[in-house]
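Here the structure comes first, spelled out in structure tokens, and everything after it is commentary.
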Amino acid sequence: MATGHTDPRRRDRILDATLDLIADEGIARVSHRRIAARAGVPLGSMTYHFDGIDDLLREAFGRFTDHIAAVFDAHLAGPADPDQARRAVADLVHVLSEGSRRDLVLAQELYTLAARRPAYRELTHAWMHRSRVHLERHFDPDTARQLDALIEGLTLHRALATEPHDRALTLEAVTRITTTGPHAPRVSTGPATGDSSP
């Protein structure tokens with residue numbers, strides 16, 4: 001088997017194997033031995049390259065969030081005006097929800113890990129900040145924050161629904177959040193209850 005000197009991608013393979021194992025079997029199944037076997041590296045490589053499982057998980061999930069940030073950038077770097085940006089956001093929701101099952105599972109595993117272990121919230125905080133930076137190229141900060149949450153929700157709903165909603169509904173939802181002023185679309189809250197007479 002190649003040594004570290006003749007295997008310059010060994011560290012990368014360990015990170016990729018970590019994410020693959022989490023996506024296939026869940027974070028509870030992560031161990032040095034399982035990752036080493038999947039990566040095809042000696043067990044000693046795990047402690048040589050990483051200071052324990054936490055260090056490995058942080059770097060692996062950091063690699064994953066870099067990947068998702070690149071997807072955001074690919075969709076949101078090009079639009080020249082708000083209308084183009086709205087369409088790009090709708091496209092992004094559909095690309096994320098119809099794309100890699102691995103990405104969807106990894107996102108949920110990271111959220112769950114951060115919910116259980118606050119130390120990992122630095123990763124989710126940085127990830128959300130990077131998403132909003134992309135969105136703030138086209139929308140004000142408050143709108144970008146709302147839109148970031150909408151993207152997450154619509155992506156998850158479409159990915160898990162037996163009959164996912166279509167792009168027209170996605171674009172309508174994006175437009176409602178990002179359109180402001182006197183001509184903003186009015187959102188009905190249903191029939192009023194009670195007597196509103198004086």
Query - Check against side chain to side chain contact (heavy atoms under 4.5 Å, CB included), Leu104 and Leu160 - result: CA-CA 10 Å; Leu104 179 70; Leu160 300 181; 4.2 Å; yes

**Report entry** Chi angles and distances behind the side chain to side chain contact (heavy atoms under 4.5 Å, CB included) call for Arg38, Ile14
**Finding:** CA-CA 8 Å; Arg38 185 173 283 241; Ile14 292 170; over 6 Å; no

Report task. Take Arg137 and Asp73 through the test salt bridge (charged side-chain N to carboxylate O under 4.0 Å, His left out) and record every step on the way to the result. Result -> CA-CA 11 Å; Arg137 295 175 183 173; Asp73 188 56; 3.2 Å; yes

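Checked by atom type and distance alone, the side chain of Thr179 never pairs as donor or acceptor with a backbone atom of Arg176 at under 3.5 Å. Side chain of His67 to backbone of Arg63: no donor-acceptor contact under 3.5 angstrom is found. With Arg158 contributing its side chain and Glu98 its backbone, the two residues share no donor-acceptor pair below 3.5 Å. Ser45 places no side-chain N or O within 3.5 Å of a backbone atom of Val41 that could act as its donor or acceptor partner. Remark: the backbone N or O of Asp24 is not paired with any side-chain donor or acceptor of Arg29 at under 3.5 angstrom. Looking at Glu109, its side chain never comes within 3.5 Å of a backbone N or O of Val105 through a donor-acceptor pair. His75 places no side-chain N or O within donor-acceptor distance of the main-chain N or O of Val89, the cut-off being under 3.5 Å.
Grouping the Ile, Leu, Val, Met, Phe, Trp and Tyr side chains by contacts below 4.5 angstrom, directly or via other members, places Val71 with Ile151. Met128 is not connected to Tyr120 by any chain of hydrophobic side-chain contacts under 4.5 Å among Ile, Leu, Val, Met, Phe, Trp and Tyr, and they are in different clusters. Follow the hydrophobic side-chain contacts under 4.5 Å out from Val133 and you never reach Leu123; the two are in separate clusters. A continuous path of Ile, Leu, Val, Met, Phe, Trp and Tyr side chains, each step under 4.5 Å between heavy atoms, connects Tyr111 with Leu150, placing both in one hydrophobic cluster. Under the 4.5 Å side-chain heavy-atom criterion for Ile, Leu, Val, Met, Phe, Trp and Tyr, Ile177 and Leu169 are members of distinct hydrophobic clusters.
Using a 4.5 Å heavy-atom cutoff, the side chains of Leu56 and Leu15 are in contact. For the pair Leu110 and Thr65, the minimum side-chain heavy-atom distance is below 4.5 Å. Between Met46 and Arg33, the closest side-chain pair of non-hydrogen atoms is not below 4.5 Å. The closest side-chain heavy-atom distance from Ile27 to Leu57 is below 4.5 Å. Side-chain contact between Phe50 and Thr18 is absent, with no heavy atoms from C-beta onward closer than 4.5 Å. Using a 4.5 Å heavy-atom cutoff, the side chains of Arg167 and Arg87 are in contact. Contact annotation: the side chain of Asp148 never approaches that of His129 to less than 4.5 Å [non-hydrogen atoms, C-beta and beyond]. With contacts defined as side-chain heavy-atom distances shorter than 4.5 Å, the pair His138/Pro82 does not qualify.
Atom CD1 in Ile68 sits 9.0 Å away from atom OG in Ser131 (nearest 0.5 Å). Annotation: the span from Thr175 atom OG1 to Asp83 atom CG amounts to 7.5 Å, rounded to 0.5 Å. The distance from the CZ atom of Arg58 to the CG atom of Asp51 is 12.0 Å, given to the nearest 0.5 Å. To the nearest 0.5 angstrom, Ser97 atom OG is 12.0 Å from Asp103 atom CG. Atoms CG and CG, from Asp142 and Leu147 in turn, are 12.5 Å apart once rounded to the nearest 0.5 Å. Distance CZ/Phe64 to CD1/Ile22: 10.0 Å, rounded to 0.5 Å.
For the residue pair Glu136 and Ala144, the shortest heavy atom distance occurs at CG-CB, 3.5 Å. When all heavy atoms are compared, the tightest approach of His134 to Ala69 is NE2-O, 3.5 Å. Nearest heavy-atom pair, Ala23 versus Arg101, reported as atom, atom and distance to 0.1 Å: O-NH1, 3.8 Å. Annotation for Ala17 and Ile35: closest pair CB-O, 4.0 Å, computed over non-hydrogen atoms. What you find for Ala88 and Pro79 is that their closest heavy atoms are CB-CG, 3.7 Å. Minimum interatomic distance between Thr170 and Ala90 (heavy atoms only, all atoms of both residues): CG2-CA, 3.8 Å.
Ring orientation note: the planes of His165 and His94 are nearly perpendicular, at an angle over 60° on the 30°/60° scale.
The number of heavy-atom neighbours closer than 6.0 Å to CD of Glu25, taken from other residues, nucleotides and ligands shown, is above 12.
Because its NZ or CZ atom is not both nearer than 6.0 Å to the ring centre of Phe72 and within 45° of the ring axis, Arg130 does not count as a cation-pi partner of that residue.
Among Arg132, Gln146, Arg145, Arg86, the single residue meeting the side chain to side chain contact (heavy atoms under 4.5 Å, CB included) criterion with Phe139 is Arg86.
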